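As the structure is a computational prediction, the values presented were derived from the model and not from experiment.
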Amino acid sequence: MGESATAKKLFVKTYGCQMNVYDSERMTEALAGQGYERTDRPDEADMILLNTCHIREKAAEKVYSELGRLKPLKAANPDLKIGVAGCVAQAEGEEIVRRQPLVDLVVGPQSYHRLPEMEARVRGGARALDTDFPEEDKFAHLAARPKAARGPTAFLTVQEGCDKFCAFCVVPYTRGAEVSRPADRVLAEARDLAERGVREITLLGQNVNAYHGHPGGLAGLIRALAAVEGIDRLRYTTSHPNDMDDALIAAHAEVPALMPYLHLPVQSGSDRILKRMNRKHTADAYLRVIERVRAARPDVLISGDFIVGFPEETEADFRATLDLVAAVEYGQCYSFKYSPRPGTPAAERPQVDPAEADDRLQRLQTLLTAQQRAVQDRMVGREVAVLFEKPGREAGQMVGKSDHLHSVFVGGADVEPGHLRRVRITSSAANSLAGAVL
Ligand code: 5AD
Ligand code: SF4
């Protein structure tokens, strides 16, 4: 069949991290130039893109079974094109093409700017595979973000890749070496987002605090972004403890737009395990970083990531993790059972008994959940700033995020998405706060 007069439909399914959410937006915008608009319905799509994640657990197998489920759609619409993007595409490239004849296109995270040209080839009946790590800046080559209005919050990728090589992690292999986008391009994108209604930007990078696209590093970029008209709030994620320099910590004290929230993964509280993880810091060094950040910004909410059941982790190592958690008092946490990733050093080592790892994960999560809840409960009675995002489930209800990234519900108030208001917190539930607009 030839080109239809109406727009072609693109269905994108995004797995994994916030960077994939950002990448999915950028790919959608790039394909808009090829006449595509986004749809929520795979059954009416002319192209389906799976933007995949490879960080944990049988990721590739999940992608193959998802692809299998798309078979009837392809049978119903032979013109449907199916693409795999993201980190599984990078890691599995040719294997996907070989194993799954359904797939027309495989594109790795560093090649998204080549997507329009690949789409044209695929439309012509060919299959396209690109998992290069090209020299050129993909974002500079991607179509500019269109001027359409958008919600009050946005992600903005400023740095990609990682040179740290933690022994468990695929990121240095799937996303490649650390690359920072130049500050002027980031600033131009932020201005564009602000013009389209965005008031809060979360800067993304696998190692965002190693950002070096501004002479003043991430702190310099944050100060420049804070001066952009219309941008009221800035956040950044994810950081490595060894890259929390004085300038960035000072920014937490001095830049009002920089929100009092820090996601700083430590993974384990045991020095023995940290060494085996190739983290290049001790538990104590991590605690000292937290102390310095809290000295600069006493109300900062600390968030973290943990892995339990890393190869050779003993009960004593695990208890050291529980001790560290008790010392930090996390406001938010993500904890995972270790998952051996093919090609990473730790995958080859003696593994912890899975039942033991499950038990540790449960014990850690019980502690973390209680801690998060205690931090959240302490907000009751306080006055906080909330950036409203969307209506809640009940009539007249609106929900937004506080400076500390807590979800806050208010009812019956005269607020709209994009409004930044003072709210008195009145109660705390499992995963959110409720309050009244002042
Ligand atoms: N197994 C379990 N968790 C992992 N993470 C990264 N790699 C693995 C793995 N192989 C977790 C880390 C990281 C987060 C993004 O995912 O905690 O900080
Ligand atoms: Fe992976 Fe983060 Fe370690 Fe880099 S610093 S290897 S992204 S866990």
Side-chain angles (χ1 to χ4, degrees), residues 17 55-57 164 166-169 237-244 260-295 297-341 344-347 349-379 404-406 428-431:
C17 66
I55 198 93
R56 283 175 294 273
E57 280 307 2
K164 297 275 193 298
C166 296
F168 49 82
C169 185
T237 193
T238 289
S239 296
H240 191 284
N242 290 356
D243 294 316
M244 282 311 292
Y261 187 102
L262 176 64
H263 182 59
L264 197 65
V266 63
Q267 317 295 355
S268 169
S270 153
D271 287 344
R272 206 179 70 90
I273 294 299
L274 287 170
K275 199 167 173 66
R276 283 170 164 69
M277 285 177 164
N278 193 32
R279 289 287 295 180
K280 302 193 180 82
H281 61 78
T282 60
D284 197 49
Y286 175 82
L287 291 172
R288 284 201 308 271
V289 172
I290 303 276
E291 243 169 56
R292 283 162 56 223
V293 177
R294 282 187 166 145
R297 183 79 206 235
D299 70 332
V300 69
L301 185 148
I302 304 294
S303 154
D305 288 345
F306 289 90
I307 295 177
V308 302
F310 186 77
E312 302 168 82
E313 184 190 69
T314 63
E315 174 64 21
D317 292 318
F318 175 66
R319 281 174 191 265
T321 298
L322 296 179
D323 290 346
L324 179 139
V325 169
V328 171
E329 282 202 272
Y330 286 94
Q332 181 68 49
C333 251
Y334 306 88
S335 46
F336 313 100
K337 197 165 77 158
Y338 170 69
S339 154
R341 311 309 295 129
T344 59
R349 301 186 194 153
Q351 303 294 313
V352 168
D353 170 34
E356 186 62 42
D358 280 332
D359 178 63
R360 287 179 195 163
L361 185 62
Q362 214 167 44
R363 285 153 69 200
L364 177 61
Q365 288 185 340
T366 303
L367 175 62
L368 288 170
T369 306
Q371 218 173 57
Q372 280 165 224
R373 184 64 196 264
V375 169
Q376 191 191 279
D377 288 352
R378 259 182 255 147
M379 297 290 164
H404 295 99
L405 214 50
H406 288 124
S428 173
N431 287 307

- Item | Inter- and intrachain pairs under ring-ring contact (aromatic ring centres under 6.0 Å, His included), touching residues 274-293, at least two apart |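 Pairs touching residues 274-293 that pass the test: His240-His281.
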- Item | salt bridge (Lys or Arg N to Asp or Glu O under 4.0 Å) against Asp299, all qualifying residues, sequence neighbours excluded | Arg297
- Set of residues satisfying salt bridge (Lys or Arg N to Asp or Glu O under 4.0 Å) with respect to Arg341, sequence neighbours excluded: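 Partners of Arg341 by the salt bridge (Lys or Arg N to Asp or Glu O under 4.0 Å) criterion come out as none, since no residue qualifies.
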- Query: Do Phe318 and Glu356 come within less than 4.5 Å of each other through their side chains, counting heavy atoms only?
  - Reply: no
- Return yes if some donor-acceptor pair links the side-chain N/O of Gln371 with the main-chain N/O of Val325 below 3.5 Å, else return no. yes
- Under 3.5 Å donor-acceptor, Gln351 side chain and Ser339 backbone: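 Between the backbone of Ser339 and the side chain of Gln351 there is no qualifying donor-acceptor contact (under 3.5 Å).
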- Note on the structure: Shortest non-hydrogen pair, Gly309 vs Ala357, comes out as CA-CB, 4.1 Å
- Shortest non-hydrogen contact from Gln372 toward Cys333: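 Closest approach of Gln372 to Cys333: OE1-N, 3.1 Å.
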Pairing residues for [X] by the ring-ring contact (aromatic ring centres under 6.0 Å, His included) criterion, not counting sequence neighbours:
{"X": "His404", "value": "none"}
{"X": "Phe306", "value": "Tyr330"}
{"X": "Tyr338", "value": "Phe310"}

- Across all chains, not counting sequence neighbours, the side chain to side chain contact (heavy atoms under 4.5 Å, CB included) partners of Arg319 are Glu315, Arg363
- Message: Going by side chain to side chain contact (heavy atoms under 4.5 Å, CB included), name the residues that satisfy it together with Lys275, two or more places apart in sequence or in a different chain.
- Response: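 Partners of Lys275 under the side chain to side chain contact (heavy atoms under 4.5 Å, CB included) test: none.
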- Report, as yes or no, whether the 6.0 Å neighbourhood of atom CD on Gln362 holds more than 12 heavy atoms from other residues, nucleotides or ligands.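 Count not over threshold, so no.
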Partners passing side-chain hydrogen bond (donor to acceptor under 3.5 Å, both in side chains) against [X] (at least two apart in sequence or in another chain):
{"X": "Asp284", "value": "Arg288"}
{"X": "Asp271", "value": "none"}
{"X": "Arg294", "value": "none"}
{"X": "Glu329", "value": "Arg378"}

- Salt bridge between Arg276 and Asp317, side-chain N to carboxylate O under 4.0 Å?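 Between Asp317 and Arg276 there is no salt bridge, as every charged N stays at least 4.0 Å from the carboxylate O atoms.
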